[in-house]
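The structure displayed is predicted, hence computed values, not measured ones. Scope of the values below: all heavy atoms of this structure, side chains included, with no hydrogens, waters or symmetry mates.
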Amino acid sequence: MKRLMIMILAVSVAFGVKAQEEIYSLKQCIETGLERNYSIRIIRNEQLISDNNATPGNAGYLPTVDMSGGFSGSINNNKNKLADGTTEKTNGVNSETGDIGLNVNWTVFDGFGIQAEYDRLKELKRMGELNTRLTIEDFVATLSGEYYNLIRQKIRLRNLRSSLDLSRERVRIAEERYHIGSGSRLDLQQAQVDFNADSSNVLNQLQVVHTSRINLNELMALDNIDETIALKDSVIRPNVFLDEIDLWQSTLASNASLLIAQKNQMLSEIDYKKVKSRNYPYVKLNAGYGYTANWYEVGATDLQQRLGLNYGLTIGLNIFDGFNRRRERRNARIQIENSQLKMQELELSLRADMSNLWMAYQNNLDLWSLEKENLIVAQENHRIAIDRYKLGELSGIELREAQISLLEAEERQSIAEYSTKLCEISLLQLSGQILTYVAPDPDKASF
């Protein structure tokens, strides 16, 4: 038993000393994670790509300018029949051509297709912003849940250590009774068995706390994944001031998934406009300025050079394309209808999630209130039990039952607090408010 005590103390002391190295509040954890987490950095880069693509040039508003140059040649055997009936043959005639110039092409009008494409690119840009926000909200919710899970596990560790101290005191009393002859060997052995069981629970809980801490470090993407951090908060304070009506109104206005569904509907409508643009004529301008040289081995001209401007205008209209435009318009209308149905389906799903989460939130608040009362009763019951045990009026088994009842009451209260906080985080995430609650407020703020 002494060796076991030394091992527990050594682990606990090492754990406690390292925990003082770095102190993090929830806000600091979130800020660190938003800056360093790899998933956040990746989605932000993807958003930058969407931003870069939303330009007039990418949509086709601007002309294209190309510069090109080339050189070509040919070697031929010529045979010409003259008017007087004679034949003229020339072998190995070499002709060469070189050119260089600028060419400009510009689609002036294509039935509003360019405008629709530019609108599509801008909507994709906003979609990228919403995807980034959605990823960040998921990350904040996950990190917040792990932050409070670490607090809960540390609370449980404190409770188990307190229970271990009570078991140690029981062993001391049982030893004294046994040595003076007022206690049995069986009572002493049972006290030692219970002490060893509590010691095992403490060691196992130390591992659970370590795992939760590593998970939090991983979410923050710390350079040293094993870095020991201490949390600024030591208790969980659920927010009891949430309002279901306000949360639902905020969900309809700010939920990232719902906003993305709305953007998808707008993209479907833009695709329909692009299909309709093919019913209109198109107008294209082209121009070029260049230099061309031709070298001849035969004939009256040895070198011919041209330097000048060429330009043109093209107007066209697709009259018949095998009814493909009509088919594409029908499909585009179906896509618009599907996007509307998906948005309605998502809104219904969010309403169901809100109802379930709100019910769980209210239920856990009631449980939390009940367990706080139960804990007060269990603490008083255990205090009476330990006093009676010291006087010899209570058996070790009965004391153990009171001790277990106290530990279970502490665990139930901790679970109720943590479950309420998780429901709170989920409600805030669902309503799109989670990014506005990044620091705990003991009076009225969220987390």
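- Note that the CG atom of Leu399 and the CD1 atom of Ile384 stand 12.5 Å from one another [nearest 0.5 Å].
- Between Glu129 and Arg126 no salt bridge is recorded (no basic side-chain N to carboxylate O distance below 4.0 Å).
- Counting heavy-atom neighbours within 6.0 Å of Lys372 NZ, excluding the residue itself, gives a total above 12.
- Between Phe320 and Phe323, the ring planes lie perpendicular to each other; the angle is over 60°, past the 30° to 60° tilted range.
- Ser250 places no side-chain N or O within 3.5 Å of a backbone atom of Asp246 that could act as its donor or acceptor partner.
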side-chain hydrogen bond (donor to acceptor under 3.5 Å, both in side chains) evaluation trace for Gln362 with Asp366: CA-CA 6 Å; Gln362 293 285 356; Asp366 293 338; over 6 Å; no
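- Nearest heavy-atom pair across Leu134 and Ala256 is CD1-CB, 3.9 Å.
- A salt bridge does not link Asp198 with Arg161: every distance from a Lys NZ or Arg NE/NH1/NH2 to an Asp or Glu carboxylate oxygen is 4.0 Å or more.
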Yes or no on side-chain hydrogen bond (donor to acceptor under 3.5 Å, both in side chains) for Asn264 and Ser339, after CA distance, side-chain angles and deciding distance? CA-CA 7 Å; Asn264 282 326; Ser339 63; over 6 Å; no
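- Counting non-hydrogen atoms of other residues, nucleotides and ligands closer than 6.0 Å to CG of Leu317 gives a total above 12.
- Expressed to the nearest 0.5 Å, how far CG of Leu259 lies from CG of Leu346 amounts to 10.0 Å.
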If you apply the rule salt bridge (Lys or Arg N to Asp or Glu O under 4.0 Å), what do you find for Glu424 with Lys421, and how did you get there? CA-CA 5 Å; Glu424 174 193 330; Lys421 179 57 72 173; 3.1 Å; yes
As a quick check of understanding, evaluate salt bridge (Lys or Arg N to Asp or Glu O under 4.0 Å) for Asp138 and Arg133, giving each step before the final call. CA-CA 9 Å; Asp138 290 341; Arg133 175 186 156 190; over 6 Å; no
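- When all heavy atoms of Ile425 and Ser144 are compared, the pair lying nearest together is CD1-CB, 3.7 Å.
- Within a 6.0 Å sphere centred on CH2 of Trp106, heavy atoms belonging to other residues, nucleotides or ligands number 12 at most.
- With hydrogens and angles disregarded, no donor-acceptor distance shorter than 3.5 Å links the side chain of Asn45 to the backbone of Ile49.
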Applying side chain to side chain contact (heavy atoms under 4.5 Å, CB included) to Lys284 and Asn105, what does each step give before you reach the verdict? CA-CA 7 Å; Lys284 297 181 180 181; Asn105 293 281; over 6 Å; no
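- For the atom pair CE of Met354 and OG of Ser431, the computed distance is 5.5 Å after rounding to the nearest 0.5 Å.
- Geometrically, Arg185 engages Tyr178 in a cation-pi contact defined by less than 6.0 Å to the ring centre and at most 45° from the axis.
- Residue Gln189 places its CD atom among more than 12 non-hydrogen atoms of other residues, nucleotides or ligands, all under 6.0 Å distant.
- No side-chain heavy atom of Ser254 sits under 4.5 Å from any side-chain heavy atom of Gln433.
- Atom CG of Leu143 and atom CD of Glu218 lie 11.5 Å apart (nearest 0.5 Å).
- Panel note: side chain Asn356, backbone Ala352; a donor-acceptor pair is recorded below 3.5 Å.
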Yes or no on side chain to side chain contact (heavy atoms under 4.5 Å, CB included) for Leu406 and Leu375, after CA distance, side-chain angles and deciding distance? CA-CA 7 Å; Leu406 174 60; Leu375 180 58; 4.0 Å; yes
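- Checking side-chain atoms of Arg325 against main-chain N and O of Arg278 turns up a donor-acceptor pair under 3.5 Å.
- The existence of a salt bridge linking Glu337 and Arg330 is excluded, since no basic side-chain nitrogen approaches an acidic carboxylate oxygen closer than 4.0 Å.
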Go through the steps for Asn103 and Val65 under the test side chain to side chain contact (heavy atoms under 4.5 Å, CB included), then give the verdict. CA-CA 6 Å; Asn103 296 291; Val65 180; over 6 Å; no
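- Contact check on Asp271 versus Lys274 returns no salt bridge, with no Lys/Arg side-chain nitrogen under 4.0 Å from an Asp/Glu carboxylate oxygen.
- Here the straight-line distance linking atom CG of Asn215 with atom OG1 of Thr142 works out to 11.0 Å at 0.5 Å rounding.
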Please evaluate residues Leu267 and Leu124 with respect to the criterion side chain to side chain contact (heavy atoms under 4.5 Å, CB included), reporting the C-alpha separation (whole Å), side-chain torsions for both, the decisive distance (0.1 Å), and the verdict. CA-CA 8 Å; Leu267 287 173; Leu124 289 176; 3.9 Å; yes
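- Gln265 places no side-chain N or O within donor-acceptor distance of the main-chain N or O of Ile336, the cut-off being under 3.5 Å.
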Please report the C-alpha distance between Asp233 and Tyr147 in whole Å, then the side-chain angles of each, then the deciding distance to 0.1 Å, and finally whether the side-chain hydrogen bond (donor to acceptor under 3.5 Å, both in side chains) criterion is met. CA-CA 9 Å; Asp233 303 297; Tyr147 180 89; 2.6 Å; yes
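- The pair Asp387-Arg383 counts as a salt bridge, with a side-chain nitrogen and a carboxylate oxygen less than 4.0 angstrom apart.
- Residue Phe71 qualifies as enclosed at atom CZ: its count of foreign heavy atoms under 6.0 Å is above 12.
- Nearest heavy-atom pair, Ala191 versus Ala174, reported as atom, atom and distance to 0.1 Å: CB-CB, 4.2 Å.
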Step by step, would you call Gln190 with Asp187 a side-chain hydrogen bond (donor to acceptor under 3.5 Å, both in side chains)? CA-CA 5 Å; Gln190 185 60 50; Asp187 289 339; over 6 Å; no
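- Contact of the Gln335 side chain with the Tyr272 side chain is not registered, since no non-hydrogen atoms from C-beta on lie closer than 4.5 Å.
- A cation-pi arrangement is found for Lys122 relative to Tyr118, the charged atom lying closer than 6.0 Å to the ring centre and inside a 45° cone about the ring normal.
- The existence of a salt bridge linking Glu176 and Arg172 is confirmed by a sub-4.0 Å separation between a basic side-chain nitrogen and an acidic carboxylate oxygen.
- Separation of atoms OH (Tyr418) and CD1 (Ile236) is listed at 7.5 Å; rounding is to 0.5 Å.
- Shown here is Ile397, whose CD1 atom has no more than 12 heavy atoms of other residues, nucleotides or ligands within 6.0 Å.
- No donor-acceptor distance shorter than 3.5 angstrom exists from the side chain of Ser162 to the backbone of Arg158, with no hydrogens or angles considered.
- Aromatic rings of Tyr280 and Phe112 (six-membered ring for Trp) have centroids within the 6.0 Å cut-off, being under it.
- A donor-acceptor contact shorter than 3.5 Å links the side chain of Asn37 to the backbone of Leu219.
- Closest non-hydrogen pair, Thr55 versus Leu121, comes out as O-CD1, 4.1 Å.
- The residues Glu117 and Arg120 are annotated as salt-bridged, a charged nitrogen and a carboxylate oxygen being separated by less than 4.0 angstrom.
- Arg170 and Asp165 are not joined by a salt bridge, as no carboxylate oxygen comes within less than 4.0 angstrom of a charged side-chain nitrogen.
- Looking at Gln403, its side chain does come within 3.5 Å of a backbone N or O of Ser163 through a donor-acceptor pair.
- Listed for the Asn52 side chain is a donor-acceptor partner under 3.5 Å among the backbone atoms of Leu48.
- Closest non-hydrogen pair, Leu206 versus Leu157, comes out as CD2-CD2, 3.6 Å.
- Remark: Glu411 engages Arg156 in a salt bridge, criterion side-chain N to carboxylate O under 4.0 Å.
- Shown here is Gln379, whose CD atom has more than 12 heavy atoms of other residues, nucleotides or ligands within 6.0 Å.
- Residue Glu31 places its CD atom among more than 12 non-hydrogen atoms of other residues, nucleotides or ligands, all under 6.0 Å distant.
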